[in-house]
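What follows is a single structure, written as structure tokens, with notes after it.
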2 protein chains.
Amino acid sequence: MNFCSLCDVRPQSICAEMSEEEIRSISRTMAHHSVKEGHAIATEGEPVTHLNVIVSGTFRLVRMLEDGRRQITGFMFPGDFVGMSRTDSSYTAEALEPSLVCSFAHNFLDQMSEKHPGIKDRLIARGSSELAKAQDHIVLLGKNTAEERVLSFLKLVGRARRGEDRFSPRIYLSMPRQDIADYLGLRMETLSRTFAKLKKTGHLKTVSGRYVELGEAFELAG
Amino acid sequence: MNFCSLCDVRPQSICAEMSEEEIRSISRTMAHHSVKEGHAIATEGEPVTHLNVIVSGTFRLVRMLEDGRRQITGFMFPGDFVGMSRTDSSYTAEALEPSLVCSFAHNFLDQMSEKHPGIKDRLIARGSSELAKAQDHIVLLGKNTAEERVLSFLKLVGRARRGEDRFSPRIYLSMPRQDIADYLGLRMETLSRTFAKLKKTGHLKTVSGRYVELGEAFELAG
DNA sequence: CGCCTAGTTGAACAATATCAAAAATAGTGG
DNA sequence: CCACTATTTTTGATATTGTTCAACTAGGCG
């Protein structure tokens, strides 16, 4: 059976431009991995041999400091790419839940891109959009208060995970509080208090474990 | 006369892999711009038509928030690339001093890359290293104290501008305090106080306007 | 039910921001 | 070269925000 034909993220992936025939041929040789919670598909400092396209699940990108402090530089959702360049990975990418990825050897991509020059353009464009996301994150950390950070974060996951529960004002967080805190540059306690405060101001209706219900004052649009 | 033959940054640029003959032919058609202080070679939200390679000078990458707050997402030095993808620019790039850039139309690059497939690989690799730099910045803003931020910043410009004054413990800052503060996610006053504190701790010997002399306790190596 | 982990809350504290003013520096025209 | 102004940078006093450390609570699971 042809796995690719079921693929939700194909239009956003590098295989979008391939013909049905090519897809079939790839589908046979391709490595589809399922990744267990907590397992890494890339490790900080190690060489990257494969481009991974996330088909389902969520990943966190982790940077460790020498002294054990940890910063999360991003979260990756279905359709996102991990390992776009052969250079050593600048982060560790760990699954937050059982996930599915589609793995392309860079050697294979080089080969493939002779036929489909668009593949490399797509990688360049993806790279730029990753950079733009990183810059959003920089602005968030450099200029925003705790409340602004938490709201931005909720918008981020709200957008990324839309479709699972379309238009629902209820968001499921696939990561523990510590990960959110390490992403937002806050302590877990501050995050907790900020959730509480946002409940008071009507931005959130309920915050219960990993479920957050958005309130009146919250605008997903922004 | 052949301008490219004098180019300091060629080995790091996309023209590194071209033959002498090609360089000559490019050199004739190429746009070498001099950019006045304060002028932009890319504007947030506007489409990018050219890849700019910085030949000399310094640029700041600026993001404006709706309310007028400003975040600087990076500084660009000779050898760096601005505008690697055709997508709309995610920042404004402004010259901090009279600068020189070498400008390649993306159309031209596409054409060129048929002959030199390495060009796109180079762009992808550059993109990754930009992303890695952005992630360093994220860690800086998310996890570091004011002192750590200022020290990292000095290391950054120290490395980038080495060569002008090789091994000198004296660093010239091509940007005003406000830009440094907006880069580090601090207020100017805090930056100033942090400089003062670092002088006390022996990390800096003198801080006078745009010149900073490093002290004993400062390790450029890290 | 009791234990374990994840998350929340409280009170004191530290770091950075804010606002105001002083000092240093860079330009400008005589 | 100097005096004068405008701008940038530093310093001071105080307010705010987020951190720290400790205790407490809520769920999940044997």
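FYI, side chains are in, hydrogens and waters are out, and symmetry mates aren't considered; it's all heavy atoms of this structure. In what follows, every chain begins at residue 1, and chains take the letters A, B, ... in the order their sequences are listed.
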Provide, to the nearest angstrom, the distance between the [atom1] atom belonging to [X] and the [atom2] atom belonging to [N].
| X | N | atom1 | atom2 | answer |
| --- | --- | --- | --- | --- |
| B:Lys197 | D:dT10 | NZ | P | 15 Å |
| B:Arg177 | D:dT11 | CZ | C1' | 14 Å |
| A:Leu173 | C:dA6 | CG | C1' | 14 Å |
| B:Met188 | C:dA17 | CE | C1' | 13 Å |
| A:Phe195 | D:dT25 | CZ | C1' | 18 Å |
| A:Leu186 | C:dT8 | CG | C1' | 15 Å |
| B:Arg210 | D:dT8 | CZ | P | 9 Å |
| A:Leu141 | D:dG18 | CG | C1' | 14 Å |

Listed once per pair and sorted, the salt bridge (charged side-chain N to carboxylate O under 4.0 Å, His left out) pairs that draw on residues 34-52 of chain B, sequence neighbours left out: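 Sorted pair list comes back empty.
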Side-chain N or O of A:Thr190 less than 4.0 angstrom from OP1 or OP2 on D:dT19?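 It does, given that an N or O in the side chain of A:Thr190 lies less than 4.0 Å from OP1 or OP2 of D:dT19.
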With sequence neighbours left out, what residues match B:Arg60 under side chain to side chain donor-acceptor pair (under 3.5 Å)? B:Glu94, B:Asp179
Can you name the residues that form a side chain to side chain donor-acceptor pair (under 3.5 Å) with B:Thr49, not counting sequence neighbours?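 Side chain to side chain donor-acceptor pair (under 3.5 Å) check on B:Thr49 returns nothing, list empty.
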Looking at D:dT9, C:dT8, C:dT9, which one has an atom nearest to any side-chain atom of A:Val207?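 Of the options given, the side chain of A:Val207 lies nearest C:dT8.
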Less than 4.0 angstrom from a charged side-chain N to a carboxylate O is my criterion; do A:Asp182 and A:Arg69 meet it? no
Pairing of A:Asp80 and A:Lys133 as salt bridge, 4.0 angstrom limit: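 Yes, charged N to carboxylate O under 4.0 Å.
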Looking only at the side chains, is there a donor atom on one of A:Ser208 and A:Thr206 sitting less than 3.5 Å from an acceptor on the other? no
Testing the 3.5 Å rule here: is there a donor-acceptor pair between the side chains of A:Glu97 and A:Thr58? yes
Pairs flagged by ring pair (Phe, Tyr, Trp, His ring centres under 6.0 Å) wherever residues 52-71 of chain B is involved - sequence neighbours left out: none
If each of B:Gly185 and A:Met175 is mapped to the nucleotide of DNA chain C with the nearest heavy atom, which maps nearer the 5' terminus, i.e. the 5' end?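 Result: A:Met175.
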Kindly indicate, with the supporting measurements, whether the criterion salt bridge (charged side-chain N to carboxylate O under 4.0 Å, His left out) is fulfilled by A:Glu148 and A:Lys155. CA-CA 11 Å; A:Glu148 291 173 307; A:Lys155 280 175 197 165; over 6 Å; no
Among residues 143-153 of chain A, which contact DNA chain D at a heavy-atom distance under 4.0 Å?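 Close to the strand are A:Thr145, A:Ala146.
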Where do N or O atoms of nucleotides 19-28 of chain C meet protein N or O atoms at under 3.5 Å, pair by pair?
{"from": "C:dC19", "atom 1": "N4", "to": "B:Glu189", "atom 2": "OE2", "distance (Å)": "3.2"}

